[in-house]
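In what follows, a single structure is set out as structure tokens and then discussed.
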Amino acid sequence: MQAEVEETLKRIQSHKGVMGTMVVNAEGIPIRTTLDNSTTVQYAGLLHQLTMKAKSTVRDIDPQNDLTFLRIRSKKHEIMVAPDKEYLLIVIQNPCE
Amino acid sequence: MPHKQPPRKQSINTGRGARKRDEDSGTEVGEGADEWAQSKATVRPPDQLELTDAELKEEFTRILTANNPHAPQNIVRYSFKEGTYKFIGVVNQLAVHFSQVGNLIPKDSDEGRRQHYRDELAAGSQESTKVVISETEILEEEEEPKESEAEAETEAGSQIDMPAAEAAEKVTEEELMTPKQPKERKLTNQFNFSERASQTLNNPLRDRECQMEPPPRTNFSATANQWEIYDAYVEELEKQEKTKEKEKTKTPVAKKMGKMAMKKMTSMESQSDDITKVTQAAKIVERMVNQNTYDDVAQDFKYYEDAADEYRDQEGTLLPLWKFQNDKAKRLAVTALCWNPKYNDLFAVGHGSYDFMKQSRGMLLLYSMKNPSFPEYIFSSESGIMCLDMHVDHPYLVVVGHYDGNVAIYNLKKPHSQPSFRSSPKSGKHTDPVWQSELVHTDVIKLKVEGGTKDGLDGLQLHTVGCGTAFDFHKEIDYMFLVGTEEGKIYKCSKSYSSKFLDTYDAHNMAVDAVSWNPYHTKVFMSCSSDWTVKIWDHTIKTPMFIYDLNSAVGDVAWAPYSSTVFAAVTTNGKTHVFDLSINKYEAICNQPVVAKKKNKITHVQFNPIHPIIIVGDDRGHVTCLKLSPNLRKMPKEKKGQEVQKGPAVEIAKLDKLLNLVREVKTKT
């Protein structure tokens, strides 16, 4: 189980255009990252809050619904956040080469 | 003797004895002086008794006694005992001249002693401590009673002198204050006493506190949203259900075991790395990343409709979408393809080798269109896979036939990579490659090379003259199925008749690669073979309805799920042919090379049940996904005003029309 997940994360990281991946826990503390510390901390803090807000919004509208993932596309790259029960997986990709 | 006095007093008769004169002179000193100055003349008062000389010379004796002159001389009292008056002999002679109730107490009495003791204490304290202002009161009071007692004949006077002397000394010291004094005896003066109040000192207060360590505190904050409430309810419901289940299923002994297992589970979980919990999220993210990379492909898949089709006269194209490949299966040919009946984006690819000489391992890969870069499930086996099928009702069961004759069933729900069921020599496995297997309801029906078909469970054996290479079950008539052989014959068989065929068709000159019933029309089926032909049959007629020559060995043929007249065929020269009989009976409406290199042979083709795409597998281990252009998916045009008729009936009717045409032609010729 563990090896599979590790492999998946490795594949994601080595995928075309991916700039960095990180795993953040429920409190917004990064557990695992491929970027440098300051960037990681910044991303973790900000995206955690945003994800919580998005999740709250979705669930307020319909409590039986839940947030699957969050995509923020900007000029330079795209930030993808997949929330889990306890963790948050963040990937930053540059879709067009 | 008051009656005698006045005359004696008034008489200034010097005739009486000298004694009388002394007495008189004693009392009348003032008059005596006057008398001496004046001449002596006797004056006789008018009421003086006239006595004779003899009477005058009479001597009266007087005796001074202690008797009370006023006391009665005879007292008589009545005695009740004797009933008479009795003389009382002794008469009280006491005369009280003056009585006053005083406040003097004898020194030796109890009260006196007490007072003396107290005095001494006070005196002692005065000596040892300093004087207080109130002390002056006492001193004053003492002085006053001292004055009042001045006439008394007690010895207390000397006592009072003592403290008085001390008090005189102490008066000078009265300025000195004392913080505390023993309780002073208040001497209240009866004559001149005034109460004077004074405030006592307030004791200074001192705080005494005790502080413990503050209990550990944490901040708790939560929001009460609608969804949080909903979550709580759901949790509660789950708990209740769990307890119900536990009560139903587990016995007391089993409960203990369960608890032990639970404990182990929890401890294990805490030890294991947290990263496993990210599995789901990681999967989603991988798909997202892929979607980004292959964004245009995804968009094409969903939305692209080749506009050029309008100009192409009834011809269509196949738009290549994704290409699925895996390093591990690189040198293995695609031997089987199957779409999952439930999840329309999931398909299974079986890898093996058609080369008789080179036989190696096999692989079963399941891909999802959402993630073209990596398969969802990977299973490897020792022997090459020749065929596979997925169960309709249980879409997680995949049955696989191997080159070595084994049949294995994989359960996708279970994480381990081993098949959950495997046929072994004991359970009657085949000794030759399993060419085709199909999951019909719960039976696994395998077709192996030689000998004949075998029903996995019932053990029916059907002996054929040659070897079976392909078979297909009828969609509606459960017991009927077709078998294609290596010699090119097709047999129609029934499950209930194990020894005889229902029908035989001389189909091809070479081995029949695939047979397939039409999904709509119950009578029509199709076959393809390495003799470059594809033939369409009506099972009641011995000769084929349509024959198509494709210039190359046909690897596979498949009916389209959306129309009864559309089918696709793949050839070993890398081309894919799509036919639509309702448009063009004699030619393919699409004829397109699909794989890059020319040496690549396409081995299988499958239509997706829902989406307008087909997957094509080649012998390099690649699977290509292609989108059918609109021309290939044409539906019969609706006339204005009429409802669009859809459904099997229409399709059947469509095909029937065609067949009838053909039959007419045939009967004519």
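Just so we're clear, the structure is a prediction, and the values are computed from it rather than from any experiment. Every chain is numbered from 1 and lettered A, B, ... according to where its sequence line falls, protein lines coming before strand lines.
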Query - side chain to side chain contact (heavy atoms under 4.5 Å, CB included) between B:Asn292 and A:Arg71, intermediate numbers included - result: CA-CA 11 Å; B:Asn292 274 343; A:Arg71 267 191 161 157; 3.3 Å; yes
Requested in this report: Heavy-atom pairs under 4.5 Å with chain A are the metric here; pick the option from B:Lys283, B:Glu286, B:Gln226, B:Met288 that has the most.
Outcome: B:Met288
Query raised in the report: What part of B:Ser373 lies closer than 4.5 angstrom to a heavy atom of chain A: side chain, backbone, both or neither?
Result: side chain
Query raised in the report: Hey, what do you get for CZ (B:Arg287) to CZ (A:Phe69), rounding to the nearest 0.5 Å?
Result: 10.5 Å
Query raised in the report: Can you tell which of A:Asp60, A:Val91, A:Thr8 has the highest number of heavy-atom pairs within less than 4.5 Å of chain B?
Result: A:Asp60
Query raised in the report: If you draw a 6.0 Å radius around CD in B:Gln280, do more than 12 non-hydrogen atoms from other residues or ligands fall strictly inside?
Result: no
Query raised in the report: To the nearest 0.5 Å, how far apart are NE2 in A:His15 and CZ in B:Phe374?
Result: 13.0 Å
Query raised in the report: Tell me, do A:Arg11 and B:Val289 make a side-chain contact under 4.5 Å, heavy atoms counted?
Result: no
Requested in this report: Under 4.5 Å, counting heavy-atom pairs only, tell me which of A:Leu88, A:Leu89, A:Thr68 racks up the most with chain B.
Outcome: A:Leu89
**Report entry** Engaged part of A:Gln13 at the chain B interface, taking heavy atoms whose separation is under 4.5 Å
**Finding:** neither
Query raised in the report: With chain A, which of B:Thr279, B:Asp295, B:Thr293 has the greatest number of heavy-atom pairs at distances under 4.5 Å?
Result: B:Thr293
Query raised in the report: If you count the non-hydrogen atoms of other residues, nucleotides and ligands that lie under 6.0 Å from OH in B:Tyr343, is the total more than 12?
Result: no
Query - Engaged part of A:Ile92 at the chain B interface, taking heavy atoms whose separation is under 4.5 Å - result: neither
Query raised in the report: Considering the options A:Lys55, A:Lys85, A:Arg59, which one meets the salt bridge (charged side-chain N to carboxylate O under 4.0 Å, His left out) requirement together with B:Asp231?
Result: A:Arg59
Requested in this report: Taking all non-hydrogen atoms of both residues into account, name the closest pair between A:Ile12 and B:Ala282 and its distance.
Outcome: CD1-O, 3.6 Å
Query - Residue part contacting chain B, namely of A:Ser56, when any heavy atom lies under 4.5 Å - result: both
Query raised in the report: If you take all heavy atoms of B:Trp227 and A:Pro63, which pair is closest and at what distance?
Result: CA-CB, 3.9 Å
Query raised in the report: So does B:Tyr233 have more than 12 non-hydrogen atoms from other groups sitting under 6.0 Å from OH?
Result: no
